[in-house]
A.B. asks: 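Mind having a look at this structure? Questions to follow.
Chain A is the first sequence line, chain B the second, and so forth, proteins listed ahead of strands; every chain is numbered from 1.
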Protein chains: 2
Amino acid sequence: MMNNEKYERAIKKFKKNNIRITPQRQIILDYMINSDQHPTVENIYHALNKKFSNLSMATIYNNLNLLKDLDIIIEIPNPEGGYRYDFFETPHIHAICDNCGKIIDVDFPQYQEFDEEIKNAVRKYNFSPKTSHIEINGICENCQKKRPQ
Amino acid sequence: MMNNEKYERAIKKFKKNNIRITPQRQIILDYMINSDQHPTVENIYHALNKKFSNLSMATIYNNLNLLKDLDIIIEIPNPEGGYRYDFFETPHIHAICDNCGKIIDVDFPQYQEFDEEIKNAVRKYNFSPKTSHIEINGICENCQKKRPQ
DNA sequence: ATACTTGCAAAGTTTTTGCATTACA
DNA sequence: TGTAATGCAAAAACTTTGCAAGTAT
């Protein structure tokens, strides 16, 4: 199991919140940590069901919602319907292609600085901020080539 | 009909793209321009169906997708299921309450500056940017009072 | 006149729920 | 052991589609 530090930090959050550590949870968490593909529920199901039959869609839905509530993953609208999910310990920008739906993780060193300003802005509305998320839509490299303009 | 300038700019986009101006489109566009409630499809249907019977869900879905493609509105995931929509001519931050789902439009004078930096960051990936969108999750004022902590 | 748009209802997807069973702590 | 989590299948919710009729240009 790779990325032990990320994994351990997440498990610590489970324990802190009295959430049981089941094999299903572990395998879903592990998959999310090690995927950079922004998988859908369907993707996760097919990937994990191979090795771990007896894993139901319902459990994946439950656990993705759980991980979302614990701020371990975030949810991104999928242009093709439903959502895609991303392990989000290190904040980054998501560039989403309007044409093919591809999501690119964009490195953004200024994120922390931005995050501070965003949080200050919402505090003026007496809103207590947690996770910020920046998305930008447009056209990816491949799709620009395919249909120029 | 209020907000004629916003309305006219949108209509101009329709004409530019050879999209017909139907009464349904006009009334949906007008509703989006004048709503600050981030309505769901359901909300729009109920609001408009009163005065304009013979307006179908399908038409609302079609036209919201159209307005989204034209970058007139944006789609925001709704914690309670489905999406909520927002007229998005003047960019702003969305603060989304994890508890009650309320969405607050947060004024953010630095937006333009941020937008520039975000766009520059994604261009390094040969991504051609269009609309950026900043969301922040957390707990709204009311919900903080209800369940302190 | 022509082709785009609409309304309707049906089909297709996606997500949640209820409940009996299992298994973590 | 007690209670939370799971799997399954059914139900609910959400979104798209096909087609005949209507209408903007």
A.B. asks: In whole angstroms, how far is the C1' atom of D:dA5 from the CG atom of A:N17?
C.D. replies: 16 Å
A.B. asks: Have a look at A:N18 and say if it touches a base, only the backbone sugar-phosphate, or nothing, with a 4.0 Å heavy-atom cut-off.
C.D. replies: nothing
A.B. asks: Rounded to the Å, how far apart are A:F52 CZ and D:dA5 C1'?
C.D. replies: 12 Å
A.B. asks: Looking at A:Q24, I'd like to know whether one of its side-chain N or O atoms comes within less than 4.0 Å of OP1 or OP2 on D:dG7.
C.D. replies: yes
A.B. asks: Nearest nucleotide by nearest heavy atom, which residue falls closer to the 5' end of DNA chain D, A:M57 or B:K15?
C.D. replies: A:M57
A.B. asks: Give, for atom OG of A:S35 and atom CD1 of A:I44, the distance between the pair rounded to the nearest 0.5 Å.
C.D. replies: 7.5 Å
A.B. asks: With a 4.0 angstrom cut-off to heavy atoms of chain B, pull out the first and last contacting nucleotide of DNA chain C, in 5'-to-3' order.
C.D. replies: C:dA3 to C:dC8
A.B. asks: Can you check the B:I19 CD1 to D:dT23 C1' distance for me, whole Å?
C.D. replies: 17 Å
A.B. asks: Side chain of B:R20, heavy atoms from C-beta onward: which of D:dT23, D:dA4, D:dT6 has the nearest atom to it?
C.D. replies: D:dT23
A.B. asks: What distance do B:L67 atom CG and B:I33 atom CD1 have between them, rounded to the nearest 0.5 Å?
C.D. replies: 9.0 Å
A.B. asks: Which nucleotide in the list D:dT17, D:dA5, D:dC14 gets nearest to the side chain of A:T22?
C.D. replies: D:dA5
A.B. asks: For A:N63 and D:dA4, what is the distance between atoms CG and C1' respectively, to the nearest whole Å?
C.D. replies: 12 Å
A.B. asks: At under 4.0 Å, does any side-chain N or O of A:S56 touch on OP1 or OP2 of D:dT6?
C.D. replies: no
A.B. asks: Regarding B:D69 and B:N65, is there a side-chain donor-to-acceptor distance under 3.5 Å anywhere?
C.D. replies: no
A.B. asks: Pick the nucleotide of DNA chain D nearest each of A:N54 and B:E42; which residue has the one closer to the 5' end?
C.D. replies: A:N54
A.B. asks: At what distance, to the nearest 0.5 angstrom, does CD1 of A:I103 lie from CG of A:N78?
C.D. replies: 6.5 Å
A.B. asks: Does A:R25 have a side-chain nitrogen or oxygen under 4.0 Å from the phosphate oxygens OP1 or OP2 of D:dT6?
C.D. replies: yes
A.B. asks: Not counting sequence neighbours, which residues clear side chain to side chain donor-acceptor pair (under 3.5 Å) with A:N126? List them please.
C.D. replies: B:E141
A.B. asks: B:N62 side chain: which of D:dT17, D:dA24, D:dT15 is closest?
C.D. replies: D:dT17
A.B. asks: List, one per line, each side-chain donor-acceptor pair under 3.5 Å for residues 53-60 of chain A, sequence neighbours excluded.
C.D. replies:
residue: A:S56; atom: OG; partner: A:T59; partner atom: N; Å: 3.2
residue: A:S56; atom: OG; partner: A:T59; partner atom: OG1; Å: 3.1

A.B. asks: For B:Y61 and D:dA13, give me the distance from atom OH to atom P, rounded to whole Å.
C.D. replies: 12 Å
A.B. asks: Starting at NE2 of B:H133, measure out to CD1 of A:I96 and round the result to the nearest 0.5 Å.
C.D. replies: 10.0 Å
A.B. asks: Name all residues meeting the side chain to side chain contact (heavy atoms under 4.5 Å, CB included) criterion together with A:K119; count only those two or more places apart in sequence or in a different chain, and write none if there are none.
C.D. replies: A:D115, A:R123, A:P129, B:I136
A.B. asks: Output side-chain donor-acceptor pairs under 3.5 Å for residues 80-92 of chain A, partner residues at least two apart or in another chain, one line each.
C.D. replies:
residue: A:Y83; atom: OH; partner: B:G82; partner atom: O; Å: 3.3
residue: A:R84; atom: NE; partner: A:H38; partner atom: O; Å: 2.8
residue: A:R84; atom: NH1; partner: A:G101; partner atom: O; Å: 2.8
residue: A:R84; atom: NH2; partner: A:Q37; partner atom: O; Å: 3.2
residue: A:Y85; atom: OH; partner: A:E75; partner atom: OE2; Å: 3.4
residue: A:D86; atom: OD2; partner: A:H92; partner atom: NE2; Å: 2.8
residue: A:D86; atom: OD2; partner: A:H94; partner atom: NE2; Å: 2.7
residue: A:E89; atom: OE1; partner: A:R9; partner atom: NH2; Å: 2.9
residue: A:E89; atom: OE2; partner: A:R9; partner atom: NE; Å: 2.8
residue: A:H92; atom: ND1; partner: A:T90; partner atom: O; Å: 2.7
residue: A:H92; atom: NE2; partner: A:H94; partner atom: NE2; Å: 3.2
residue: A:H92; atom: NE2; partner: A:D105; partner atom: OD1; Å: 3.2

A.B. asks: Give the residues of residues 64-87 of chain A touching DNA chain D, defined as any heavy atom closer than 4.0 Å, sorted by residue number.
C.D. replies: none
